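Presented below is the structure to which this report refers.
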Amino acid sequence: KTGLTTFDPGFNSTAACASAITYIDGDAGILRYRGIPIEQLAERSSFLEVSYLLIYGELPTQAQLDTFTSNISRHTLLHEDLKNFFDGFPRDAHPMPVLSSAVSALSTFYQDSLDPFDDDAVELSTVRLMAKVFTIAAYAYKKSVGQPFLYPDNSLGLVENFLRLTFGFPAEPYEIDPVMAKAVDTLLILHADHEQNCSTSTVRLVGSSQANLFASISAGVNALFGPLHGGANQAVLEMLSRIKDVEDGNVDAFVDRVKNKEQGAKLMGFGHRVYKNYDPRAKIVKQNADEVLKALGVSDPLLDIAMKLEEKALADEYFIERKLYPNVDFYTGVIYRAMGFPTRMFTVLFALGRLPGWIAHWREMISDPQTKIGRPRQLYTGPTERNYVDMSDR
Ligand code: SDX
């Protein structure tokens with residue numbers, strides 16, 4: 001933008017890198033994990049199968065998937081001292097910093113799986129993360145509502161266990177709603193990877209210093225928290241609720257404020273650094289939203305407001321000329337809310353989905369002998385050389 005000549009940062013630095021994991025065509029609205037279109041995976045696969053595909057590069061055989069699933073199920077428990085970690089957080093702590101703190105702390109409890117160049121350690125930290133981050137996420141929610149923690153039940157699948165740990169109580173059995181479990185599984189698939197987005201680039205940057213996988217994923221959680229990134233799904237719900245409560249559901253006034261850029265008003269859940277077309281994930285979420293709410297017996301005026309907003313924006317020159325379309329965050333919050341998740345858990349759910357993608361990118365980066373430590377250069381715009389001035393002369 002300053003007319004500067006570009007400079008080649010070199011591949012596998014932080015400014016640009018080669019990767020074989022996810023392909024996006026932003027103009028055509030294409031997203032493929034290891035070459036397979038997201039539409040087919042959302043329709044026919046499962047979150048654990050997609051996680052295996054992203055991490056190991058191929059769809060698993062049944063035996064490989066069974067082994068991956070059983071390895072993960074054996075690591076859902078947290079060390080008791082880590083469980084006590086939650087006592088130290090304030091009740092009203094946002095679950096995202098709780099998640100990133102507890103994930104970072106994993107490297108203090110599981111020191112036998114830190115070496116990024118030991119294959120067994122990398123496998124062990126992979127399954128530990130895939131299992132324990134779901135338990136940590138559920139405990140972050142329980143802490144925020146002052147309810148007792150449950151222990152995982154390893155006879156359940158990863159998603160079912162997470163729902164039980166989140167919404168179950170020690171005093172009574174928790175009945176898994178298959179519609180809810182399937183909807184969560186599909187949403188996790190849709191969030192599982194997305195090329196070099198802000199949080200994945202953060203995981204690669206931190207990992208490029210040979211920081212262990214737990215530390216690198218914790219950094220990714222923190223990057224995702226931002227409202228321009230994963231925090232957008234929470235911001236969308238807050239925006240829709242404001243339109244409902246303050247503007248009486250009138251989207252016109254809000255859209256005018258966005259177009260006038262009043263107080264930096266943005267149409268949250270719209271726009272994308274790469275997609276200059278409809279985000280293919282948003283299409284699938286929108287299709288599911290109606291079905292899931294009906295199946296859960298929930299009708300939510302916020303879904304109607306979201307659809308009115310989309311219809312108005314997609315017909316408005318301001319958004320069309322700026323190629324602003326709904327992204328993955330625009331409809332997800334309405335579904336999470338219908339499931340009973342509080343708004344502050346929405347970005348945690350995004351992090352759970354993105355976990356296998358982050359792991360896959362860290363493993364790809366650390367296993368590439370060409371990888372250099374991430375060290376972008378800068379364009380210096382400060383003062384030219386000058387001398388120190390004593391206090392008496394200032
Ligand atoms: C995710 O990278 C990824 O892959 C991320 C992600 C993933 O899976 O990891 O897809 C997940 O982060 C999705 C994005 C979630 N964020 C939001 O929904 C927040 C709202 N969106 C914007 O903040 C914005 O669209 C970004 C940050 C997502 C993208 O911004 P860009 O492409 O850098 O666009 P820009 O800031 O250069 O804006 C271009 C123009 C500007 O107007 P003008 O100065 O030309 O007049 O478009 C306007 C912007 O003001 N604009 C918006 C807008 N987004 C851009 N105007 C109103 N509402 C918006 N949402």
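Each ligand, and each atom within it, is numbered from 1 in the order the structure gives. A quick note: this is a predicted structure, and the numbers were derived from the prediction, not measured.
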Between Phe341 and Phe346, ring centroids under 6.0 Å: no

Of the non-hydrogen atoms in Trp362 and Gly207, which two are nearest, and what is the gap between them?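 So the minimum-distance heavy-atom pair works out to NE1-CA, 3.6 Å.
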
Under the 3.5 angstrom rule, does the side chain of [X] hit a backbone N or O of [Y] as a donor-acceptor pair?
X	Y	result
Asn277	Asp27	yes
Arg164	Tyr151	yes
Ser100	Asn222	no

So if I count the atoms of ligand 1 from 1 in the order they appear, which ones are less than 4.0 Å from some heavy atom of [X]?
X	value
Lys276	32 (O)
Ala232	15 (C), 16 (N), 17 (C), 18 (O)
Leu267	57 (C), 58 (N), 59 (C), 60 (N)
Lys261	42 (O), 43 (P), 44 (O), 46 (O), 50 (O)
Asn197	2 (O), 3 (C), 4 (O), 5 (C), 9 (O)

Pairs where residues 297-325 contributes a residue and the test ring-ring contact (aromatic ring centres under 6.0 Å, His included) is met, not counting sequence neighbours: none

Are the charged groups of Lys182 and Glu291 less than 4.0 angstrom apart, N to O?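 No, Lys182 and Glu291 are not salt-bridged.
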
With a 4.0 Å cut-off, would you call Asp193 and Arg34 a salt bridge? no

Could you tell me if any non-hydrogen atom of Glu195 lies under 4.0 Å from any atom of ligand 1?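 Not so, Glu195 does not reach ligand 1.
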
Does some non-hydrogen atom of His191 fall short of 4.0 Å from ligand 1? no

Quick one: does [X] get an N or O within less than 3.5 Å of an N or O on ligand 1?
X	value
Leu324	no
Gly269	yes
Arg322	yes
Met268	no

Side chain, backbone, both or neither: Val258 near ligand 1, heavy atoms under 4.0 Å: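 The part of Val258 near ligand 1 is the side chain, not the backbone.
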
Any idea which of Arg273, His272, Arg281 brings a heavy atom closest to atom 5 (C) of ligand 1? His272

